[in-house]
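Counting convention: from 1, in listed order, for ligands and their atoms alike. These numbers come from a predicted model, not from an experiment. Residue indices begin at 1 and follow the sequence shown.
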Amino acid sequence: MRDKDLYAQILGIKSPWQVSEVDLNVAKGEVMVRVEREEGMNSCCPRCKKESPGYDSRTRRWRHLDTCQYKTILVADVPRVKCKDHGVVTVSVPWAEPNSGFTAMFEALVIDWLKEASTLGVSRLMGLSWNAIDGIMQRAVDRGLQRREAMNMTQIGVDETAFRKRHDYVTIVSDQAAGTILYVGDDRKKQGLKDWYSSLNEEQRGAIESISMDMWPAFIHATLESIPGAEDKIAFDKFHVAKYLGEAVDKVRRQEHKALMSEGYDDLKGSKYDWLYNPENMTRKHKMRFKLLRESTLKTARAWAIKEMAMSLWHYVSKTWARKGWKQWLSWAVRSRLKPIRDVAKIIKEHLWGILNAIILKVSNGPAEGLNSRIKTIKVRSRGFRNKKRFANAIYFHLGGLDLYPEGVR
Ligand SMILES: [Zn+2]
């Protein structure tokens with residue numbers, strides 16, 4: 001087989017294209033494969049597919065899969081046609097997508113590697129610039145999002161995750177059943193989430209049965225304004241409620257510790273984490289000490305008991321009984337004379353409707369938290385995100401459940 005035929009076979013080059021020249025440059029470590037269009041063939045406008053008169057042509061290059069250790073470059077003069085509806089446009093070639101400097105097969109290989117290795121690793125391995133990899137990822141995600149079919153999600157989670165700095169957040173919407181990320185928003189404001197809801201069709205919005213979230217007003221209002229019957233579907237996440245209560249217990253401990261120390265008592269010294277974490281993980285001796293603390297008359301012990309009580313109120317199956325349980329808890333918390341606890345109780349009282357929904361619907365952000373830890377891994381693997389768009393792309397790429405490969409290469 002002659003080298004031209006060999007390359008035509010390997011590259012899948014078919015009429016009207018043919019391989020006209022193969023040139024091995026040993027010094028440069030490069031194989032150049034020149035591809036030509038058969039003469040006298042008419043070309044079509046890539047947008048309307050109508051046959052159109054030729055206009056001129058432009059020489060273009062694409063990097064293809066290496067031939068042994070040689071970098072392999074495809075070169076072709078690609079015709080431009082003058083379509084009467086779309087003006088002067090470049091015809092499409094079967095081996096690459098428009099505006100890419102890589103063949104589809106090369107992009108597919110990079111996509112496979114990116115799933116396994118860090119951006120830096122892929123950059124070194126394949127001799128590609130960060131920008132080149134970014135372009136491949138971006139095209140893969142755009143393709144995937146375009147192909148994503150309208151499906152009905154029933155249980156979704158809305159969460160936030162920090163981008164780079166603290167206090168700079170993005171919104172993350174996940175499909176809890178599929179474990180995929182549906183949407184990455186620029187910030188955690190109301191409008192972004194509203195825009196995402198309005199990108200769904202009416203049937204999709206109606207199919208959503210639960211929306212698990214933190215008690216963040218922007219998320220609550222965006223959902224109430226977009227999803228029919230949202231007041232029965234918004235579910236405030238148990239772990240976020242636990243976090244607020246945990247912080248309140250810690251505040252009580254700090255205040256009490258300070259007061260005790262000023263009177264010369266160090267009962268609470270070194271106990272910070274005892275109150276925050278599960279005593280099951282403690283050593284026996286440690287457990288005994290914590291038991292004594294817990295059963296003491298300290299304010300911190302009271303705050304802790306109130307928190308534990310709240311955490312035991314998530315097992316109800318009837319809304320009526322759940323409400324009764326929480327009302328009792330609220331009255332205890334309010335009478336506790338512990339300001340940090342009363343402050344959280346106030347928030348819980350205002351949001352009780354959504355806590356009751358979470359209990360009855362049996363949903364939480366647990367699945368979203370799992371995705372959150374995978375997002376952290378992505379962040380580590382792609383150090384140096386220069387902007388949020390890249391960050392969002394990486395999340396869609398790895399966690400979007402998308403079909404990323406170029407047409408014809410799957
Ligand atoms: Zn056209």
Task: Residues Asp85 and Arg47 bridged, charged N to O under 4.0 Å - done: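 Salt bridge flag = no for Arg47 with Asp85.
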Task: Face-on cation placement of Arg37 at Trp17 ring, 6.0 Å and 45° thresholds - done: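 Satisfied, under 6.0 Å and within 45°.
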TODO: Cation-pi check, Arg80 to Tyr55: give yes when NZ or CZ is under 6.0 Å from the six-membered ring centre and within 45° of the ring axis, no otherwise.
DONE: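 No, Arg80 does not lie over the aromatic ring of Tyr55.
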Open item on the list: What I want to check is whether the side chains of Trp304 and Thr300 have a donor and an acceptor closer together than 3.5 Å.
Closed with: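 Thr300 and Trp304 do not have a side-chain donor-acceptor pair below 3.5 Å.
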Task: Atom CD of Glu203 with >12 non-hydrogen neighbours under 6.0 angstrom - done: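 No.
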TODO: Could you grab the distance from atom CG of Leu313 to atom CH2 of Trp321, nearest 0.5 Å is fine?
DONE: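 Here the rounded value is 13.5 Å.
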TODO: Report the protein N/O/S neighbours of the Zn ion (ligand 1) that fall below 2.8 Å; do not count waters.
DONE: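 Near the Zn ion (ligand 1), the protein supplies Cys45 SG, Cys48 SG, Cys83 SG, His86 ND1.
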